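These notes are about the structure you will find just below.
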Amino acid sequence: MPNAVDSLELLKNRLLEIQHLRDAAALLSWDQETYMPAGGGKARANQIALLQTLAHDKFVSSDIENILTQHIDITTGLTNDTTVGLDSASKAFFRETWRDFSRAKKLPSEFVTRLERECSLAQQVWTEARQENDFGKFLPNLQTIIALKHEEVEYLGYTDSPYNTLLDTYEPGATVAQLTPLFATLRKGLVSLLEKIRASPSPPDDSLLHQTYNTDQQLEFGKLVLTKMGYDFTRGRLDLSAHPFTTSFHPTDVRVTTRVFEKDLQSCLFSCIHEGGHGLYDQGLPPAHHGTPLGESLSLGIHESQSRLWENSVGRSRAFWKHFFPLLRERFPTQLKGMTVDTFYSVINAVKPSLIRVEADEVTYNLHIMLRFEIELDVIEKRVEVRDLPELWRTKMKEYLGVVPETEAEGVLQDVHWSFGAFGYFPTYTLGNLYAAMLYQKAKVDIPSLETNIAQGNLILLKDWLNNRIHSHGRKFTSEELIRQTTGQNLSAEPFLQAIRHKMQEIYGLSRQAS
Ligand code: ZN
């Protein structure tokens with residue numbers, strides 16, 4: 001009988017080599033987003049495509065297949081009798097590697113090269129098209145990407161909807177059938193809350209956030225908050241990019257980016273906290289398992305739960321600002337003169353339907369996601385033409401948020417995702433919000449002094465709780481299992497709705513009954 005422990009070691013070494021190639025490609029992408037001159041786009045697309053193709057070919061090799069099939073029952077995708085003596089983590093290692101392998105194996109190498117190259121090129125064109133506010137410029141690239149996504153689904157196969165296959169890339173196990181009722185419940189709760197907020201006679205005035213704030217000082221404050229969160233700058237760095245993101249090449253090199261505007265105090269601040277949440281997850285993954293599923297984040301939804309938990313449950317809480325507001329006021333004494341913690345807390349939680357998703361408040365954010373989810377579903381199920389997307393976008397914005405973009409840069413061109421082929425990605429943002437509320441609710445139960453500690457600037461208790469409960473497990477469990485074992489509950493919109501209603505009732509003086 002093949003020895004599963006030997007196979008595990010052998011596979012681990014092979015996967016680590018493949019990971020080095022992927023890490024190098026990720027570093028090139030990071031550079032593309034931060035420092036690369038615009039002229040480098042074409043050359044960079046070829047470099048990234050080559051590394052990704054090499055990684056892909058190395059991964060779908062017959063010797064990896066031979067090792068895996070000795071220990072996996074290929075009809076169920078679960079481990080067979082050869083792994084009986086192994087612990088659950090090692091079994092998960094085989095199971096998850098097989099999941100990745102059987103998926104990758106279905107994609108021809110030539111297709112991977114084409115997809116990588118087209119995505120990298122499209123990203124460059126999207127950047128220019130957004131700057132020039134010209135959807136027509138991006139349209140041919142977007143059509144190519146969508147055709148490639150249809151091709152990908154053909155290779156991978158699907159159940160019920162081709163969209164399920166794309167969704168499964170980012171959120172294993174999630175389906176259209178699961179998301180549709182979940183999102184419907186959420187939408188109903190949010191639309192009703194939004195109506196009450198709009199009717200409120202005393203909305204917070206957020207104009208103070210749009211005075212002039214020195215950008216160097218904003219960045220310095222962002223770094224301070226990241227440090228207090230436990231983000232380790234000896235294993236990370238903060239740079240500027242058009243679209244804030246986090247990338248990781250190893251738990252010892254996890255990089256976050258932000259953007260900073262003189263007339264907007266929130267953008268840099270909250271993107272630092274948000275990306276810091278992602279960064280803590282990646283820095284908290286076990287280095288010994290780097291390159292294997294046990295050293296990887298579980299899903300994008302779980303990843304986003306980490307960023308949203310820090311950004312909203314913590315970063316937009318009164319407890320957090322009890323400690324941090326005096327520090328912020330020290331840096332901006334003129335702008336924040338006479339301002340109290342309570343007023344600042346109200347102002348950063350103000351709800352205002354707006355055009356841009358990444359700047360949306362907690363109440364309207366998920367409506368932006370639902371719009372994208374529905375459009376993607378229409379595109380992938382071939383109910384709409386790609387050229388009609390700007391108009392469809394405007395129609396849905398009006399229906400969901402009551403605002404209509406005047407430019408395409410503020411509408412259909414605002415997000416980078418479609419340019420790199422990430423269809424099925426957006427729903428993970430809403431899942432992240434829902435998971436975050438569930439996790440924070442449980443963290444407060446597990447650590448009764450949590451908010452007292454946060455109010456004293458001690459954020460490490462929460463970081464440690466997340467390290468133990470979430471980060472250290474890699475992909476040992478499914479999202480469903482991880483959430484159930486951590487919170488004792490199944491995924492639901494209720495904890496999120498409860499938290500947001502509670503906050504808004506207080507800030508907008510809404511009656512409890514009215515919720
Ligand atoms: Zn995020």
Side-chain angles (χ1 to χ4, degrees), residues 26 29-30 33-34 123 167 169-172 174 179 186 222 225-226 229-231 236-249 254-260 266-285 296-316 348 354 356-373 376 414-440 462-463 466 470-471 479 482-483 496 500:
S29 297
W30 171 84
E33 296 292 306
T34 49
Q123 233 173 305
L167 201 50
T169 312
Y170 305 107
E171 197 64 20
L179 294 186
L186 184 60
V225 175
L226 279 166
M229 285 166 66
Y231 176 82
R237 50 180 293 134
L238 174 68
D239 292 273
L240 296 174
S241 65
H243 192 93
F245 68 96
T246 300
T247 187
S248 168
F249 321 122
V254 176
R255 304 183 186 192
V256 295
T257 71
T258 185
R259 54 184 174 191
V260 59
Q266 294 207 77
S267 188
C268 174
L269 174 61
F270 287 106
S271 63
C272 282
I273 303 177
H274 180 101
E275 300 307 329
H278 284 303
L280 289 182
Y281 191 176
D282 289 343
Q283 288 189 338
L285 289 167
E296 283 174 0
S297 57
L298 179 47
S299 71
L300 286 192
I302 297 294
H303 224 306
E304 191 68 5
S305 77
Q306 301 305 293
S307 57
R308 297 301 266 182
L309 186 153
W310 283 101
E311 180 190 354
N312 290 331
S313 308
V314 179
R316 286 193 165 86
I348 56 167
S354 64
I356 307 295
R357 173 186 63 87
V358 294
E359 279 152 21
D361 57 77
E362 265 184 281
V363 173
T364 59
Y365 186 91
N366 292 300
L367 298 170
H368 286 268
I369 298 304
M370 287 173 206
L371 167 153
R372 287 157 177 77
F373 170 58
E376 287 192 342
Q414 68 180 267
D415 290 310
V416 67
H417 304 61
W418 293 342
S419 76
F420 62 86
F423 283 80
Y425 187 127
F426 283 119
T428 68
Y429 288 122
T430 287
L431 289 174
N433 286 327
L434 304 186
Y435 290 143
M438 295 178 77
L439 291 172
Y440 194 62
L462 182 60
K463 176 199 166 258
L466 292 167
I470 309 292
H471 310 163
S479 309
L482 185 72
I483 289 299
F496 174 81
I500 194 86

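Whatever order the structure lists them in is the order used to number ligands and atoms, beginning at 1. These figures come from a predicted structure and were not determined experimentally.
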| query | Has E275 got an N/O/S atom less than 2.8 Å from the Zn ion (ligand 1)? | reply | no

| If you stand at the Zn ion (ligand 1) and look out to NE2 of H274 and NE2 of H278, what angle do those two lines make, to 10°? | 100°

| task | Applying salt bridge (Lys or Arg N to Asp or Glu O under 4.0 Å), run through D415 and R357 and close with a yes or a no. | result | CA-CA 8 Å; D415 290 310; R357 173 186 63 87; 2.9 Å; yes

| request: Please check if the side chain of Q123 supplies one atom and the backbone of F420 the other of a donor-acceptor pair under 3.5 Å. | output: no

| message | Do H471 and L280 have side chains that approach each other closer than 4.5 Å (heavy atoms only, starting at C-beta)? | response | yes

| Contact flag H303/the Zn ion (ligand 1), N/O/S atoms, threshold under 2.8 Å | no

| query | Parallel, tilted or perpendicular: which describes the rings of F426 and H417, with under 30° parallel and over 60° perpendicular? | reply | tilted

| Closest approach to the Zn ion (ligand 1) by E304, given as the N, O or S atom name | OE1

